[in-house]
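Notes follow the structure.
So you know, we letter chains A, B, ... as the sequences are listed, proteins then strands, and number each from 1.
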Protein chains: 2
Amino acid sequence: MPSRPELIETLGVHLEAEYDLPPLAARIYADLVLTDDTGLTFEACLSNHGASKGSVSTALNLLQKMGIITYYTKPGDRRRHFTIAARKAFFRSKLEEQLKKIGKDRAIIQLVNNFNKQCNKAHYERYGERTESYLEFLDQSESLVQASLDRFRKWN
Amino acid sequence: MPSRPELIETLGVHLEAEYDLPPLAARIYADLVLTDDTGLTFEACLSNHGASKGSVSTALNLLQKMGIITYYTKPGDRRRHFTIAARKAFFRSKLEEQLKKIGKDRAIIQLVNNFNKQCNKAHYERYGERTESYLEFLDQSESLVQASLDRFRKWN
DNA sequence: CGTTTAGTTCAGAACAAAACAAACCAAATG
DNA sequence: CATTTGGTTTGTTTTGTTCTGAACTAAACG
């Protein structure tokens, strides 16, 4: 089993790629994923990652703007406690993202396919069938995601 | 319908993100996608994209190293004609990439889940079921990709 | 009010990525 | 064998990102 810091690093790299985050923001996000819902204070983010106040502030604000994290306060405690925004919805929003991606992918493939139909007829005839087949795969994929999404929605 | 240059730009942006390519390399890739299998010469890449010889050279070499493009020569013509490497396999390799992604995703989710099982029991109990459900989705997704992949493999 | 606490803001340092320009090389051509 | 053609290599410039550090704000506390 990886140690906590190791796992933060591994997960951080992954999140960096998945959500196109700067390194520090991704590490903080990873840290919060591994922390229970009491969350982390600004100060904890600062010391856990050895970064400057400015960097931590920027990273936390970015994650908030992206809807990834929120904070709460305790009465009689001025500090913000940051937590991931909707742990219940974590997988659900992954599925929603997936749905968007499929849509985008289909859109471009159709754009290119239409272009070929008009301007590259030979090519269109040679590969049109594969394109159809891939579009069909996208449809099936979409249905599968949609079905899982429905299950996750009931869950909430 | 978008014009050819517009489509190159749109597709270019998409490919940039999909394969993590530098802008110029992605535009050249897009250009080749819209060009029939006669391909494009170095000179054409150069003038189509208004870039310097050095940049085009670097971009083409990168795309070759990534296995995305190849070139052929005509007897009595010193120029290289660049084409996309395996148009027949285009969708197939997209599916193969998809398969790898699913594997990575599962790996991290399991890593995090194991961590929670040991170090974050309450949290594990609250969300473990969702995790299971998502892992199941990944399995189904994998099967679907695998099935499509088999169809595409026969095709070749 | 002065001070402490909890952050924000912003200029700029440090680094990384992408493209350029010019010199270079190697094969064909006259 | 000098020159053109088709690229490659190398050093530089441009551009963009990420983080820092220091000055600042705003709320609470005594």
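- Distance B/Leu62 CG to D/dT8 C1': 15 Å, rounded to the nearest Å.
- Nearer the 5' end of DNA chain D, as judged by each residue's closest nucleotide, is the contact made by B/His81, out of A/Ser52 and B/His81.
- Atom CD in B/Glu43 sits roughly 9 Å away from atom P in D/dG7 (whole-Å rounding).
- Rounded to an integer number of Å, the gap from CG of B/Leu24 to P of C/dA21 is 13 Å.
- For A/Arg78, whose side chain is taken as the heavy atoms from C-beta onward, the closest listed nucleotide among D/dA28, C/dT8, D/dT5 is D/dA28.
- Atom NZ in B/Lys53 sits about 14 Å away from atom P in C/dC24, given to the nearest Å.
- Distance from the side chain of A/Ser55 is smallest to D/dT20 among C/dA19, C/dT8, D/dT20.
- Residue B/Ile28 contributes atom CD1, which lies 9 Å from atom P of C/dA19 at whole-angstrom precision.
- Counting any heavy atom pair closer than 4.0 Å across all strands shown, B/Ala59 reaches no nucleic acid atom.
- Contact annotation: B/Ser57 reaches the phosphate of D/dT8 (side-chain N/O to OP1 or OP2, under 4.0 Å).
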Just do the side chain to side chain contact (heavy atoms under 4.5 Å, CB included) check on A/Ile68 and A/Tyr29 with the steps written out, would you? CA-CA 8 Å; A/Ile68 290 175; A/Tyr29 184 12; 3.5 Å; yes

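- Side-chain polar atoms of A/Asp31 and A/Asn48 form a donor-acceptor pair below 3.5 angstrom.
- With 3.5 Å as the limit, one finds a donor-acceptor pair spanning the side chains of B/Ser55 and B/Ser52.
- Atom NZ of A/Lys74 is separated from atom P of D/dA28 by 18 Å (rounded to the nearest Å).
- In this structure, B/Asp20 places its CG atom 13 Å from C1' of C/dA16, rounding to the nearest Å.
- With hydrogens and angles left out, the side chain of A/Arg79 and the base of C/dA6 share no donor-acceptor pair within 3.5 Å.
- Regarding B/Glu16, its CD atom lies at a distance of 13 Å from the C1' atom of C/dA19, rounded to whole Å.
- Outside the 6.0 Å centre-distance limit, the rings of A/His81 and A/Tyr71 are not counted as a close aromatic pair.
- Side-chain proximity of A/Arg80 to D/dT18, C/dA19, C/dG7: nearest is C/dG7.
- When each of A/Gly76 and A/Thr58 is assigned the nucleotide of DNA chain D with its nearest heavy atom, A/Thr58 is the one assigned upstream, toward the 5' end.
- Comparing D/dT20, D/dT8, C/dA19 against the side chain of B/Pro22 picks out C/dA19 as the nearest.
- For the 3.5 Å distance criterion, the side chains of A/Ser133 and A/Arg130 fail to qualify, holding no donor opposite an acceptor.
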